[in-house]
Amino acid sequence: MMKTKMEEALSEIKRLFDVPVVRLRRLIAAFHDEMGRSLAGEPSSLQMLPTYTDNPTGHERGSFLALDLGGTNVRVLLVNLPGDGNAPTLIGDKFQLGREHITANGDVLFGAIARFVVGFLADHGLDGRYRMGFTFSFPIRQRSLARGELIAWTKGWTASGVVDQDVVERLNRALAKESAANVRVVSLNNDTTGTQTARAYLDPACDAACILGTGTNICYREMVANIRKPIGPYDHEAMILNMESGNFNAALPRNRYDKLLDDLSDNPGGQWEEKMVSGKYLGELARLVIVDICARGSLFGGRLPELFAVREGFGSERVCRIKEDADPDAAGVRALLADLGAGSVDVEEARAVREIAWIVSDRAARIAASALVATVTKNDPESTRSHAIAVDGSIYEKHPGFKMRMEETFGDLLGTRAGRIRLELTHDGSGLGAAIIAAIASGEGPVLRLPD
Ligand code: BGC
């Protein structure tokens, strides 16, 4: 039987987004090269940023505040670390930053964050003196646990006057301005590092962490002897390295939609892997595909529904809801699209939209899994050890089939040894991890001499 125009368009999309195992192996080899280059201090798309912290011992104890700046959702926590093998306890509140906070300037941004901390303390009647750990989910150039400069904004943040600034100092200053000098930021970490630390507090097999949310990134535990670039004084034999893997750009199977998305983005040329994998971009990729095949007359009779017309107007949570509909006639997708103002969409069209949602996110899962295989096999090439990887983020947690597709890809790449990699959902670990790192910085656990 002749294929319809729509079927032909979908076959082409499938082909463009397909990543066979040979491509993934090439990606892994390139990932290893980039890791090696960055560890040697040579130019690389991976940054392998020193964090000045190793996995915790689990004996860290005390009460610490934590500030988790992940995306526009900000969490403030008070964490009690028992240090005796029991799980930490915490109280925490969520706050919301607006677009005006993340796109204006540093004073506006840090002022808003400081007020969240003050509000949290007031709401819970907390009036003592507190040490705080700060999770800052962007690339930071650290020279010690207690300071670090923003290298570049990602995920659409653009607040001016923050790049190259010490974000701990900015936050301490903003806190003092809001009359919260009783709170002192004592440590800084990326969200990946926080997530690994939170998991490793109770699970010593955890040697890497991955965020698959609005952005994506991986950190892992590396022996200091393997870090050939200068890192300054540091007393442990291993350190967690923040790879900033979202910026990985070698041997990626990019197609014309990836290129278009990058050209139209706030940071063209940067974060290529992130743009194929993470929540800020999956909806946009699906939208660009829909716009294109509609323009070629293969979908919606060539008339694009308004909801697909706006850049970044079709979010990844919609891709997720579309995938959740398992009905053979895509009744759920039709209802959703109608709710969103697309009018009446026929069964074939709704199925096509659903197929695009799956195609785009299946590729994301395969690339994300390959980056993790590359991470683990860097120091364990034959996969002879077990690795627990702490994972957090809405894409991993909420997208139907995402974890399964990642595990399938482990199987494709590692065969029977795939079971040595354990993905462990570590929900909200980045906040908890910041408190544990604050304890480490305060000497409430393993002794760590700070370089300054
Ligand atoms: C940032 C990373 C962060 C990741 C996940 C990326 O855009 O560059 O630092 O870990 O998002 O939040």
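Count residues from 1 along the sequence. Keep in mind that the numbers below use all heavy atoms, side chains included, and drop hydrogens, waters and symmetry copies. The structure presented is a predicted model; accordingly, all values stated were derived computationally and were not measured. For ligands, and for the atoms within them, numbers begin at 1 and follow the listed sequence.
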**Message:** I'd like the name of whichever of Q271, M243, E274, E244 reaches closest to atom 2 (C) of ligand 1 through any heavy atom.
**Reply:** E244
**Prompt:** Between R141 and D164, is there a side-chain N and carboxylate O pair less than 4.0 Å apart?
**Reply:** yes
**Request:** Please confirm whether the backbone N or O of E312 pairs with a side-chain atom of E284, one donor and one acceptor, at under 3.5 Å?
**Result:** yes
**Prompt:** Is there a donor-acceptor pair under 3.5 Å between the side chain of Q142 and the backbone N or O of S144?
**Reply:** yes
**Message:** Would D380 and H387 count as a side chain to side chain donor-acceptor pair (under 3.5 Å) here? Give the steps.
**Reply:** CA-CA 10 Å; D380 183 14; H387 304 271; 2.7 Å; yes
**Request:** In plain terms, say whether R366 and E408 are close enough for a salt bridge, that is, a side-chain N and a carboxylate O under 4.0 Å apart.
**Result:** no
**Request:** Would you mind finding which of I211, D191, L49 brings a heavy atom closest to atom 12 (O) of ligand 1?
**Result:** D191
**Message:** Taking 4.0 angstrom as the limit and counting only heavy atoms of S137, give me the atoms of ligand 1 inside it, by number and element.
**Reply:** 1 (C), 2 (C), 3 (C), 9 (O), 12 (O)
**Message:** As a quick check of understanding, evaluate salt bridge (charged side-chain N to carboxylate O under 4.0 Å, His left out) for R221 and D207, giving each step before the final call.
**Reply:** CA-CA 5 Å; R221 186 167 188 257; D207 56 4; over 6 Å; no
**Request:** If the plane angle is over 60° it's perpendicular, under 30° parallel, otherwise tilted; pick one for F138 and W153.
**Result:** perpendicular
**Message:** Tell me whether P139 reaches ligand 1 (any heavy atom closer than 4.0 angstrom to a ligand atom).
**Reply:** yes
**Asked** In terms of atom number and element, which parts of ligand 1 are under 4.0 angstrom from non-hydrogen atoms of G215?
**Response** 5 (C), 11 (O)
**Asked** What is the nearest protein non-hydrogen atom to atom 11 (O) of ligand 1, stated with its residue, atom name and distance?
**Response** K155 NZ, 3.2 Å
**Request:** Heavy-atom contacts with N190 under 4.0 Å: which atoms of ligand 1 show up? List them by number with element.
**Result:** 2 (C), 3 (C), 9 (O), 10 (O)
**Request:** Would you check whether T192 has a nitrogen or oxygen atom less than 3.5 angstrom from a nitrogen or oxygen atom of ligand 1?
**Result:** no
**Prompt:** What atoms of ligand 1 come closer than 4.0 angstrom to any heavy atom of F138?
**Reply:** 9 (O)
**Request:** May I ask you to identify, for N242, whether its side chain, its backbone, both or neither come under 4.0 Å of ligand 1 on a heavy-atom basis?
**Result:** neither
